[in-house]
Amino acid sequence: YPITGDGVNCRSGPGTSYSVVKSYQKGADVAITCQAPGTDVKGDNIWDKTADGCYVADYYIKTGSSSYVTAKCD
């Protein structure tokens with residue numbers, strides 16, 4: 001799935017209070033392993049766990065849906 005924001009943070013957990021692990025540039029492709037509820041970002045509280053093992057706000061990933069597109073994280 002492509003990243004839609006520029007310099008989007010990937011965090012250690014599903015929320016803005018978690019530490020930043022890495023950042024993605026706009027247009028970068030990420031694989032999503034699962035999704036979890038977390039901090040609300042512009043009306044979207046879904047966070048996507050990437051194959052890298054960190055979380056990106058779903059708002060910044062173009063999944064084509066504003067709801068869950070894969071399994072919920074445990």
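- Listed by first and then second residue, the salt bridge (Lys or Arg N to Asp or Glu O under 4.0 Å) pairs that reach into residues 7-22 are K22-D52, sequence neighbours excluded.
- Two residues are said to be in side-chain contact when any heavy atoms from C-beta on lie closer than 4.5 Å; N9 and V56 fail this criterion.
- In terms of hydrophobic clustering, with Ile, Leu, Val, Met, Phe, Trp and Tyr side chains grouped at heavy-atom distances under 4.5 Å, V21 and W47 are assigned to different clusters.
- V41 and Y55 fall within the same hydrophobic cluster, where Ile, Leu, Val, Met, Phe, Trp and Tyr residues are linked whenever their side-chain heavy atoms come under 4.5 Å apart, directly or through other members.
- The minimum heavy-atom distance linking V69 with Q35 is given by the pair N-OE1, 2.7 Å.
- In terms of heavy atoms, T16 sits closest to T39 at N-OG1, 3.1 Å.
- Pairs engaging residues 29-50 under the salt bridge (Lys or Arg N to Asp or Glu O under 4.0 Å) rule: none recorded [sequence neighbours left out].
- When atom types are taken as modelled, the side chain of T50 and the backbone of V30 share no donor-acceptor pair closer than 3.5 angstrom.
- Counting non-hydrogen atoms of neighbouring residues, nucleotides and ligands closer than 6.0 angstrom, the OH atom of Y59 reaches no more than 12 such neighbours.
- For the disulfide (SG to SG under 2.5 Å) condition, the pairs that include at least one residue of residues 38-68, sequence neighbours left out, are C10-C54.
- Between T4 and K26, every side-chain heavy-atom pair lies at or beyond the 4.5 Å cut-off.
- Side-chain polar atoms of S65 and T63 form no donor-acceptor pair below 3.5 angstrom.
- In this structure, CD1 in I46 is found 7.0 Å from OG in S66, a value given to the nearest 0.5 Å.
- Between Y18 and S12 the shortest heavy-atom distance is CB-OG, 3.4 Å.
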